[in-house]
A.B. asks: 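Encoded as structure tokens, here's the structure I'll be asking about.
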Amino acid sequence: LYNVNSMFGKGLVKAHLKANAQEWAGTVLEESFINEIKKRGYNPDEFLLPYAKKYKVPYKKEESLSEEYVLRLVKGTLNEEALKNYANGVRKNFEAHEKTINDLRVKSKLDNTIKFLESFYAKK
């Protein structure tokens, strides 16, 4: 069945495979994008500061975590109550889309996503 709104291509396939391999609900910036920033003479750490940060992204089949640029979910920090609210929102979103958070695979993704929130956005 052909659909005019369907898109296919190397980049889309690569993005789908990378997203499917992750064990959390976050967004990793593709290395080719980082390389393009460097090619244009920018320092990725400075250029991406308002939008992304480095994080050790959990993958399903890798024992060691790979540090990559990931999109920020929140600008700044969160107090304890706000962090709790974000975590509850993530949990509700998982429940709505994954149907159950009791499944070990889903629980692992949820736990890794909340760990990301806590490690970067909680006020120290």
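When a residue number appears, it is its place in the shown sequence, counting from 1.
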A.B. asks: Is the count of non-hydrogen atoms from other residues, nucleotides or ligands lying under 6.0 Å from L104 atom CG greater than 12?
C.D. replies: no
A.B. asks: Rounded to the nearest 0.5 Å, how far apart are CZ of F47 and OH of Y69?
C.D. replies: 11.5 Å
A.B. asks: With rounding to the nearest 0.5 angstrom, report the OG1 to NZ distance, T27 to K18.
C.D. replies: 12.0 Å
A.B. asks: Counting N and O atoms only, with roles assigned by atom type, does the side chain of R72 sit under 3.5 Å from a partner on the main chain of L49, one being a donor and the other an acceptor?
C.D. replies: yes
A.B. asks: Looking only at heavy atoms, which two atoms of F94 and L110 are closest? And how far apart?
C.D. replies: CE2-N, 3.6 Å
A.B. asks: Is there a continuous path of hydrophobic side-chain contacts, each under 4.5 Å between heavy atoms, that joins Y42 to L71?
C.D. replies: yes
A.B. asks: So with a 6.0 Å cut-off around CD of E80, is the heavy-atom count from everything else above 12?
C.D. replies: no
A.B. asks: When you check the side-chain N and O atoms of Y59 and E68, is any donor under 3.5 Å from an acceptor?
C.D. replies: yes
A.B. asks: Between atom CD1 of I114 and atom CD of E118, what is the distance when rounded to the nearest 0.5 Å?
C.D. replies: 7.0 Å
A.B. asks: Counting N and O atoms only, with roles assigned by atom type, does the side chain of E30 sit under 3.5 Å from a partner on the main chain of S32, one being a donor and the other an acceptor?
C.D. replies: yes
A.B. asks: Let me check something: do V70 and V74 share a hydrophobic cluster, defined by ILVMFWY side-chain heavy atoms less than 4.5 Å apart, either directly or through other members?
C.D. replies: yes
A.B. asks: Going hydrophobic residue to hydrophobic residue with side-chain gaps under 4.5 angstrom, can you get from Y55 over to Y86?
C.D. replies: yes
A.B. asks: Drop me the distance from L29's CG to I34's CD1, to the nearest 0.5 angstrom.
C.D. replies: 5.0 Å
A.B. asks: One pair to check against side-chain contact (heavy atoms from CB on, under 4.5 Å): Q22 and V57. What are the steps and the verdict?
C.D. replies: CA-CA 7 Å; Q22 295 174 44; V57 177; 4.1 Å; yes
A.B. asks: Could you walk me through whether K109 and R105 satisfy the side-chain contact (heavy atoms from CB on, under 4.5 Å) test, starting with their C-alpha distance in whole Å, then the side-chain angles of each, then the deciding distance to 0.1 Å, before giving a yes or no?
C.D. replies: CA-CA 6 Å; K109 280 187 173 187; R105 183 187 64 81; 3.7 Å; yes
A.B. asks: Can you check whether N20's main-chain N or O pairs, donor with acceptor, with K60's side chain at less than 3.5 Å?
C.D. replies: yes
A.B. asks: Would you check if K84 and L78 make a side-chain contact, meaning some heavy-atom pair closer than 4.5 Å?
C.D. replies: no
A.B. asks: Between S119 and F116, is there a donor-acceptor pair closer than 3.5 Å when you use the side chain of the first and the backbone of the second?
C.D. replies: yes
A.B. asks: Salt bridge check, K92 against E95: does any charged N sit closer than 4.0 Å to a carboxylate O?
C.D. replies: no
A.B. asks: Would you find a donor on one side and an acceptor on the other, under 3.5 Å apart, between the side chain of T113 and the backbone of A25?
C.D. replies: yes
A.B. asks: Would L48 and K53 count as a side-chain contact (heavy atoms from CB on, under 4.5 Å) if you check the C-alpha gap in whole Å, the side-chain angles of each, and the deciding distance to 0.1 Å?
C.D. replies: CA-CA 7 Å; L48 294 171; K53 57 175 55 186; over 6 Å; no
A.B. asks: Is any side-chain N of the basic residue among D111 and K115 closer than 4.0 Å to the acidic one's carboxylate O?
C.D. replies: no
